[in-house]
Amino acid sequence: AMSVPDKKVESVCPYCGVGCQLTYNIKDNKILYVEGRDGPANRERLCVKGRYGFDYANHPHRLTKPLIRRADAPKRGDAIMDPDRVMEVFREATWEEALEVAGGTFAKIRDTHGKRSLAGFGSAKGSNEEAYLFQKLVRTGFGSNNVDHCTRLCHASSVVALLEGIGSGAVSNPVMDVTKAEVVIIIGANPTVNHPVAATWIKNAVSNGTKLIVCDPRRTDMSRIAHRFMQFKADTDVAMLNAMMNVIVTEGLVDKEFIESRTIGYEELRKNVEGYTPELMAPICGIDAETLRYVARLYATSKASMILWGMGVSQHIHGTDNARCLIALSLMTGQIGRPGTGLHPLRGQNNVQGASDAGLIPMVYPDYQSVTDPKIRANFAKAWNMSVDLLDPEPGLTVVEIMHAITDGKIRGLYVQGENPAMSDPDANHAREALAALDHLVVQDIFLTETAYLADVILPASAFPEKNGTFTNTDRTVQMGRQAINPPGEAKQDLWIIQQMANRLGCDWNYKHVSEVFDEMRHTMPSIAGITWERLEREDAVTYPCLKEGDPGDPVVFVDEFPRESGRARFVPADIIPADERPDTEYPMVLITGRQLEHWHTGSMTRRATVLDSIEPDPIALIHPLDLLAMGGKPGDLITLESRRGNVTLYARADDSSPRGAVFVPFCYYEAAINRLTNSALDPFGKIPEFKYCAIRITMG
Ligand code: SF4
C-alpha cells in the first residue's frame, strides 16, 4: 500500500529544454514515481533525470523559512558553507519582516543611488509567468533594464546571430524533424547527455537511413552512429564551416533561386569564403580536405538537411560568428523553411526559451521588442498602466557586465531568483567577490545555494512540482506545468513573492491567479497572442507563432518569408578569431566545461536527488588516458587543475573521448567549482563568456 499513489498530476520535466511531458504519482504530498506522458517532444519517453530526479523536492535541505543575515555573521565571502551551521550566519524571520528588509532596502538604494544601481537575475528554471513578472518588476519597480538570466551564459550568441540573420531567435524546426531529414549535422552539442530524449529521436532517424554528421572536438556518444565524425580542433569552428561554404560556392552547389528571392548580402559572404579553401583550412581545423568536401556536398545536395547545435558553438568569444556560419550554410543551400531542414540551437534549461521570450533580457521587452524603440516603450507603458517617462530608454547590463558593475560600485543591490551565479558565472572567484561586495543581495531559491550563502535576505521559494505555470521548450512549444505537491513549511510560490516584492517597490499588483499573468503576457507578445490559458489547460501544449485564437501553431517557420525587414534573411560573413586565452608553456592544457547526464547545471537539484547523486557522487575531470599516464596518474587519482584565476582538486577519470591536451569538467560540483578557473572574456555581440576554452595546468594530488 506504501507505493500506491492517491493522486496523478500531469506536468512537464523540470530539467532540459526537450520538454518531456510527465505524470507525477503522488501520495501524502510526496512524489512516489514519475511516468512519461504522450507529449509532442517525448511520446512517453523520459531520461534518467526526468524519471528519477524528483525527490530533491522533499530534501531536508529545503528552505522553509525566510532568513536574514545576522548582524554578527562572518564577513560575506568567508561564509560557512555548511547546511548544519546555517544559523551561525542567518536568523529566521517572518515573511513580513523579510519582505520589508528585502524590498525596503532596494527602494532606499534606488532612491539614493538611482534606478540603475539595482539589477535582477531571473531564472530559466522558473515559469513563463514568473519570468514575465520578474522582468516587469525590474523595469517598473527598480526602474531600469538591468535584468538578465542564464541565457547569457548559454545561447546569447546564437540568439544574436539568429535575430540578425533570420529575424527570430528561436528554432526554425522542432527536434522531431530529424526523422524527416536526409542529413543531420550536430555540432558542438552532446545530446545523449544534455538532451537525452532528443538523442533517441536522432538515433531512430539514423536507424531509418538519415545520415548523421557529428562535428565536435570531443568524441561524443553520437559519433559512434555517425555517417561521418569530424573531430575538429577545439576553437576552429569558423575555419571548418567557412571551408565547407567555400566548397559549396566553388562547386556551384548553392541554391541560386533561394539566395536571389529570399536573402541579402550573399556577395559579401561569397567573397569572404573565397580564401577559406579546404586545403588551407585542413591543417587549422584538423579535418582533411576530402572530408570537408564530402560533407559539404552531402549537406548541400540532400533533399532535406538540418543543423542542431549546442554550447560548443555558442560559448566562445566568437560564438556569434560560429552561429553566423551555420546560418549562412543553411541559407546558401536553401536548407531552411521546409520540414526536415533548418536551424535548431538546442536549448538548455526547460524554460530558457520561455524566460527569454518573456523578457528576461536587458535589451528587449517580452517577445524581443527593443527597449530603445519609443513606440514599443509606449505600448508597454500602456499595457502596464504607467507613464512612458518612467521606462528606461537604454538597454540594461548583461550577467557578466552586472558583476563588473558591482565591483565598480555602480550596482549596489541585486535580486536573484533561482539562479546560482556563484557557481555558474565564469571566473567564479571574481563573481563571488562581486556578490559579497553588494550593499544588498536578496536570493529567492529552494536551497541554500552557493549564491544564497552570500545573501542578506533569503526567500524560500517553490520547486517545479509545487506550482502552476507554463514552460516553453526548445521546439517553441508552450506547455502546462501543474502543481502536484505543496511547498514545505513556510516556503511560498515565486509568483506571490515577486508580487510582494514589487508592491514594496511602489507597484500596485494584484494578480489572483497565474492565468491572469499569462493573459497579460499574450496581450503584449504577438507570437503567443493566440494562445489562451483555456486551450493550454485542454491541450497541454501549443506551439508558437500562434498569432490568433484558433491558429494551430507553426512547428516549421520561414516557409515563405523571414521576420526581417523586406522578409529576407541576411548573410553575415565571419573570419577566424582565436580563443582569448591560448595554452602556453605555463598553462599547457585546455579546459572545456559542460554537463554530464546525471547532473543538472550547478547541481542544486540533482545532487539532492537520491538516485542521480548515487550514480555520480563525486567531482570528476575527464582526461585522456595517455595524458593521465604521462603525468604518472591512474583513474581515480586526485588531480589539481589550475588556471590564472583559480584551482580545484577532483578525481581523474580516464576518458578517451577527450582529445589529448584537453580536459573536460562538469560544472555541477560545488566542492570543485570549475568556474573558478574559467575565463570571463566575452563575445562582443552576445556577451557570452568563453566557457569552452581556457588554459590550465594539471598536477597530481
Ligand atoms: Fe527531462 Fe530532458 Fe530528460 Fe526529457 S530529456 S526527461 S526533458 S531531462
Geometric cation-pi criterion Arg595 and Phe667, 6.0 Å radius, 45° cone: no
Ser527 vs Asp367, test: side-chain hydrogen bond (donor to acceptor under 3.5 Å, both in side chains). Steps then yes/no. CA-CA 7 Å; Ser527 63; Asp367 228 4; 2.8 Å; yes
Checking Ser314 against Trp309: is there a side-chain donor and acceptor pair closer than 3.5 Å? no
In Å and rounded to the nearest 0.5 Å, what is the SG to CD distance from Cys285 to Gln231? 12.0 Å
Tell me every residue that passes salt bridge (Lys or Arg N to Asp or Glu O under 4.0 Å) with Glu561, counting only those two or more places apart in sequence or in another chain. none
With sequence neighbours excluded, give me every salt bridge (charged side-chain N to carboxylate O under 4.0 Å, His left out) pair touching residues 304-332. Glu164-Arg324, Asp321-Arg324
If I compare all heavy atoms of Ala434 with all of Thr407, which pair ends up nearest, and what's the gap? CB-OG1, 4.0 Å
Hey, does the side chain of His599 reach the backbone of Cys668 with a donor-acceptor pair shorter than 3.5 angstrom? no
Closer than 4.0 angstrom, basic N to acidic O: yes or no for Glu274 and Lys271? no
How long is the gap from NZ on Lys687 to OG on Ser157, to the nearest 0.5 Å? 12.5 Å
With side chain to side chain contact (heavy atoms under 4.5 Å, CB included) as the criterion, how do Asp177 and Val175 come out once you've worked through the C-alpha distance, each side chain's angles and the decisive distance to 0.1 Å? CA-CA 5 Å; Asp177 260 27; Val175 169; over 6 Å; no
Suppose we screen for side chain to side chain contact (heavy atoms under 4.5 Å, CB included). Which residues come up paired with Glu394, at least two apart in sequence or across chains? Arg116, Asp392
Partner residues of His195 under the side chain to side chain donor-acceptor pair (under 3.5 Å) criterion, sequence neighbours left out: none
Asn128: partners by side chain to side chain donor-acceptor pair (under 3.5 Å), with sequence neighbours left out: Asn351, Thr470, Thr472
Give, for atom OG1 of Thr398 and atom CG of Asn146, the distance between the pair rounded to the nearest 0.5 Å. 9.5 Å
Hey, what's the ring geometry for His430 with His404, parallel, tilted or perpendicular (30° and 60° as the breaks)? tilted
List for me each residue that meets salt bridge (Lys or Arg N to Asp or Glu O under 4.0 Å) alongside Arg644, sequence neighbours excluded, and say none if there are none. Glu581, Asp584
Looking at Asn173 and Arg338, would you say the former's side chain and the latter's main chain have a donor-acceptor pair under 3.5 Å? yes
Decide, yes or no, whether a salt bridge links Arg224 with Asp221 under the criterion of side-chain N to carboxylate O below 4.0 Å. yes
Could you pull out the closest heavy-atom pair between Ile620 and Leu650, with the gap in Å? O-CD2, 3.7 Å
In chain order, what residues pass the side chain to side chain contact (heavy atoms under 4.5 Å, CB included) check against Pro545, with sequence neighbours excluded? Arg476, Leu547, Asp554, Val557
Is the shortest side-chain N to carboxylate O distance from Glu279 to Arg293 below 4.0 Å? yes
Taking only residues at least two apart or on different chains, which pairs with a member in residues 232-248 satisfy salt bridge (charged side-chain N to carboxylate O under 4.0 Å, His left out)? Asp235-Arg582
Donor-acceptor check, side chain of Glu268 to backbone of Gly265, threshold 3.5 angstrom: yes or no? no
What's the verdict on side chain to side chain contact (heavy atoms under 4.5 Å, CB included) for Val663 and Val590, showing C-alpha distance, side-chain angles and the deciding distance? CA-CA 6 Å; Val663 183; Val590 173; over 6 Å; no
So, does Arg645 use its side chain to make a donor-acceptor pair with the main chain of Thr678 at under 3.5 Å? yes
Have Asp475 and Thr477 got a donor and an acceptor in their side chains that come within less than 3.5 Å? no
Looking only at side-chain N and O atoms, does Ser223 offer a donor or acceptor that is under 3.5 Å from a partner on Thr220? no
Does Asn242 reach the main-chain N or O of Tyr276 with its side chain, forming a donor-acceptor pair under 3.5 Å? no
Asp357 versus Tyr544, side-chain donor and acceptor atoms under 3.5 Å: yes
Quick check: closest heavy atoms across Gly340 and Ala181, and the distance to 0.1 Å? O-CB, 3.3 Å
Tell me every residue that passes ring pair (Phe, Tyr, Trp, His ring centres under 6.0 Å) with Phe571, counting only those two or more places apart in sequence or in another chain. Tyr266
Donor-acceptor contact present, side-chain Asn246 to main-chain Val273, <3.5 Å: yes
Give me the one residue out of Gln353, Gln349, His344, His155 that meets side-chain hydrogen bond (donor to acceptor under 3.5 Å, both in side chains) with Thr474. His344
What verdict does the side chain to side chain contact (heavy atoms under 4.5 Å, CB included) test give for Arg564 and Ser168, after you've listed the backbone C-alpha separation in whole Å, the side-chain angles of each residue and the deciding distance to 0.1 Å? CA-CA 8 Å; Arg564 292 185 76 255; Ser168 159; over 6 Å; no
Quick one: ring pair (Phe, Tyr, Trp, His ring centres under 6.0 Å) pairs with a partner in residues 311-335, sequence neighbours left out? His316-His318
Parallel, tilted or perpendicular: ring planes of Phe258 versus Phe562, cut at 30 and 60 degrees: perpendicular
Minimal heavy-atom distance between Thr333 and Ala300, with the atoms involved, is CG2-CB, 3.6 Å
Is the backbone of Pro666 close enough, under 3.5 Å, to the side chain of Thr593 for a donor and an acceptor to pair up by distance? no
Specify the closest pair of heavy atoms between Val160 and Gly686, including all atoms of both residues, with the distance to one decimal. CG2-CA, 3.7 Å
Distance, nearest 0.5 Å, that separates OG of Ser643 from CE of Met589: 13.5 Å
Any donor-acceptor N/O pair, Lys49 side chain to Leu597 backbone, under 3.5 Å: yes
Can you sort out the partners of Thr602 under side chain to side chain donor-acceptor pair (under 3.5 Å), two or more places apart, ordered by chain and number? Asn420
Output all residues satisfying side chain to side chain donor-acceptor pair (under 3.5 Å) with Asp683, sequence neighbours left out; order by chain, then residue number. Thr320
List the steps, then state whether side chain to side chain contact (heavy atoms under 4.5 Å, CB included) holds for Tyr299 with Ile213. CA-CA 9 Å; Tyr299 174 83; Ile213 310 295; over 6 Å; no
Measure from the side-chain N and O atoms of Glu690 to the backbone N and O of Gln315, and report whether any donor-acceptor pair falls under 3.5 Å. no
Is the backbone of Val416 close enough, under 3.5 Å, to the side chain of Glu419 for a donor and an acceptor to pair up by distance? no
Distance check, rounded to the nearest 0.5 Å: Thr151 atom OG1 versus Arg347 atom CZ? 6.0 Å
In Asn429, Asp427, Asn647, the residue satisfying side-chain hydrogen bond (donor to acceptor under 3.5 Å, both in side chains) with Arg676 is Asn429
Of the non-hydrogen atoms in Ser604 and Lys125, which two are nearest, and what is the gap between them? OG-NZ, 3.4 Å
